[in-house]
Amino acid sequence: MTITSHRALKNGPLRQVTDLARTTPGVLGALALLLIVVGVTAGVFSAVSVQRRAQALEDLASRSGPLSVAAQEIYRGLSDADATASGAFLAGGLEPPAVRARYEQDIAQASNALAIAVAARETSDVTASNSPLATLSGQLPVYTGLVETARVNNRQGLPLGIAYQREASNLMRTQLLPAAQQLYDAEVTRVSADQDRAGGFPVAELLLGLSVLGVLVVAQVYVRRRSNRVFNVGLVAATGAAVISLLWVSIATFSVISSVDDSRVEGSSQVDVLARARIATLQARADETLTLVARGTGKVYQDDYVQVSTKLTGLINEAGAKVTDGAVSQEIASARANSQAWAKAHEEIRRQDDGGNYTAAVRLAIAPVPESSGTAVDNLDTDLREAIDRTRATFNARVADASDALGGTVVVVSLLAVVVAVGATAGIWQRLKEYR
């Protein structure tokens with residue numbers, strides 16, 4: 001590069017820009033541009049962040065929350081259907097109409113809940129070989145077919161019916177119920193993930209809001225020193241808008257965080273424990289009836305009953321420790337009493353069966369009398385269902401509170417971002433005009 005070209009570059013556009021940046025108008029122009037970029041960026045980011053929280057709450061209310069209910073209903077319906085179908089064999093011959101109606105209702109409810117879960121998933125999720133939905137959709141018709149075959153043989157007094165019922169129960173316990181449990185666990189995980197998305201701490205939003213205020217303060221201090229004016233109307237308006245935006249986002253977000261935390265503590269965490277207790281109840285009831293159906297060869301079912309009933313006691317106690325609502329506490333207390341009544345009835349069933357009085361054992365298991373285990377199980381299931389319904393209602397209410405807290409926030413934040421940009425530009429432009 002020649003000396004002449006070097007001097008031309010030194011005295012050219014680069015030198016002009018450098019010289020302008022050292023002047024007051026240059027600094028004011030740079031501040032105006034910085035305020036526009038920072039203000040708009042903060043506004044857009046905050047609006048997008050709020051929208052993401054709103055979407056997570058919408059998913060909780062209309063997707064993951066309801067789907068977790070559907071998954072729970074699939075497990076409950078299938079488990080109760082198996083216990084009911086097995087119990088029908090204890091009556092001998094044609095089962096009572098009420099028993100048949102209960103079985104059909106369980107299958108219908110499980111099928112409807114399964115249809116809801118399938119409709120909410122992509123086709124690839126349903127057809128994948130390891131998908132619980134694929135297992136449930138494919139094996140449920142097989143199970144009902146085995147039960148119908150067992151029923152036909154039982155009505156004819158053929159011992160082959162018990163073999164078919166055992167095969168049906170084995171299919172239920174080894175494939176259908178594990179798939180339903182996997183589906184339920186996945187939906188509960190989605191509920192927790194949506195709560196985390198909706199209730200995350202707004203670190204970036206707060207930092208951006210404070211950055212906007214910091215740049216505005218610097219701009220006002222500089223303008224004051226250069227113009228000897230205490231206030232600049234445009235910058236004051238921009239600062240006020242930035243403060244309002246930061247406060248609005250902070251208050252709305254922390255309200256959401258509080259409501260989402262309440263939805264977890266008062267709702268979903270309690271629902272999960274109660275749902276698992278209800279599942280354990282139905283599983284233990286199936287073990288109890290299958291032990292009798294096996295007629296002396298059901299030790300594996302009895303051992304499983306002992307294990308599951310111990311788990312049930314722990315879950316009821318855990319639910320009692322988590323409870324936050326008085327009405328739910330009463331339901332759990334009633335559930336505990338009915339669980340104890342069931343345990344006493346079961347002890348008597350085993351005493352009668354082991355003593356050779358099979359008829360008395362069957363009566364204690366299925367007869368619609370107060371002292372039967374069937375009555376205690378139905379009462380226990382009712383207590384748990386009502387407790388679940390109450391806690392789920394609390395969950396839905398807290399999610400709705402969180403959604404209400406975000407109402408209008410996106411619009412307000414967007415408008416205030418425009419006010420910040422326009423106010424800052426107008427305020428600095430007034431000072432720039434003095435240098436013409």
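All values derive from a computational prediction rather than experimental measurement. Values below: all heavy atoms of this structure, side chains included; hydrogens, waters and symmetry mates excluded.
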Between [Y] and [X], is there a salt bridge with N-O shorter than 4.0 Å?
X      : Y      : answer
Glu371 : Arg363 : yes
Arg102 : Asp80  : yes
Asp59  : Arg197 : yes
Glu104 : Arg100 : yes
Arg190 : Asp185 : no
Arg385 : Asp378 : no

For [X] and [Y], indicate whether the former's side chain and the latter's backbone hold a donor-acceptor pair under 3.5 Å.
X      : Y      : answer
Thr425 : Ala421 : yes
Arg336 : Gly320 : no
Ser86  : Ala83  : no
Asp353 : Ile349 : no
Ser339 : Ala335 : no
Thr391 : Gly267 : no
Ser68  : Gly65  : yes
Thr375 : Val369 : yes
Tyr184 : Val69  : no
Arg53  : Gly200 : yes

Would you check if [X] and [Y] make a side-chain contact, meaning some heavy-atom pair closer than 4.5 Å?
X      : Y      : answer
Ser403 : Glu58  : no
Ile107 : Thr144 : yes
Val420 : Leu35  : no
Arg392 : Gln270 : no
Asp261 : Gln195 : no
Val191 : Asp272 : no
Leu315 : Leu274 : no
Thr324 : Ser329 : no

Contact summary for Ala376 and Ala341, nearest pair of heavy atoms =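 Distance-wise, the nearest heavy atoms are CB-C, 4.3 Å.
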
Taking all non-hydrogen atoms of both residues, which atom of Tyr164 and which atom of Ala150 are closest, and how far apart?
->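 Closest pair (atom of Tyr164, atom of Ala150, distance): CB-CB, 3.5 Å.
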
CA sep, side-chain torsions, deciding dist, call: Val188, Gln72, side chain to side chain contact (heavy atoms under 4.5 Å, CB included) | CA-CA 10 Å; Val188 169; Gln72 177 197 332; over 6 Å; no

Residue pair Lys344, Glu347: steps toward the salt bridge (charged side-chain N to carboxylate O under 4.0 Å, His left out) verdict = CA-CA 5 Å; Lys344 292 180 180 179; Glu347 289 179 1; over 6 Å; no

Could you give the distance from [atom1] ([X]) to [atom2] ([Y]), rounded to the nearest 0.5 Å?
X      : Y      : atom1 : atom2 : value
Leu78  : Gln139 : CG    : CD    : 12.0 Å
Ser79  : Arg173 : OG    : CZ    : 8.5 Å
Thr253 : Leu206 : OG1   : CG    : 7.5 Å
Trp342 : Asn379 : CH2   : CG    : 12.0 Å
Gln175 : Leu136 : CD    : CG    : 10.0 Å
Gln55  : Leu406 : CD    : CG    : 12.0 Å

Look at the rings of Tyr143 and Tyr103 and say which category their plane angle falls in: under 30° parallel, 30 to 60° tilted, over 60° perpendicular.
->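 Answer is tilted, since the angle falls between 30° and 60°.
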
side-chain hydrogen bond (donor to acceptor under 3.5 Å, both in side chains) contacts touching residues 243-252 (sequence neighbours left out) |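 Every pair satisfying side-chain hydrogen bond (donor to acceptor under 3.5 Å, both in side chains) with a residue in residues 243-252: Trp248-Thr409.
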
Does OH belonging to Tyr301 count more than 12 external heavy atoms closer than 6.0 Å?
->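 It does: Tyr301 OH has more than 12 such atoms within range.
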
What's the verdict on side chain to side chain contact (heavy atoms under 4.5 Å, CB included) for Gln220 and Val236, showing C-alpha distance, side-chain angles and the deciding distance?
-> CA-CA 8 Å; Gln220 289 182 85; Val236 169; 3.7 Å; yes

Under 3.5 Å side-chain donor-acceptor pair for Arg350 and Thr291 |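 The criterion, which ignores hydrogens and geometry beyond distance, is not satisfied for Thr291 and Arg350.
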
Residue pairs passing the salt bridge (charged side-chain N to carboxylate O under 4.0 Å, His left out) test where at least one lies in residues 322-335, sequence neighbours excluded =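 Of all non-adjacent pairs touching residues 322-335, none passes salt bridge (charged side-chain N to carboxylate O under 4.0 Å, His left out).
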
Hey, which of Asp381, Thr281, Asp106 is the one that makes side chain to side chain donor-acceptor pair (under 3.5 Å) with Arg76?
->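 Among Asp381, Thr281, Asp106, the one that satisfies the side chain to side chain donor-acceptor pair (under 3.5 Å) with Arg76 is Asp106.
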
Please assess Leu176 against Ile74 for the test side chain to side chain contact (heavy atoms under 4.5 Å, CB included), listing each intermediate value before the final yes or no.
-> CA-CA 10 Å; Leu176 287 170; Ile74 291 171; over 6 Å; no

Which residues satisfy the side-chain hydrogen bond (donor to acceptor under 3.5 Å, both in side chains) test with Asp404, sequence neighbours excluded?
->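 side-chain hydrogen bond (donor to acceptor under 3.5 Å, both in side chains) list for Asp404, sorted by chain: empty.
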
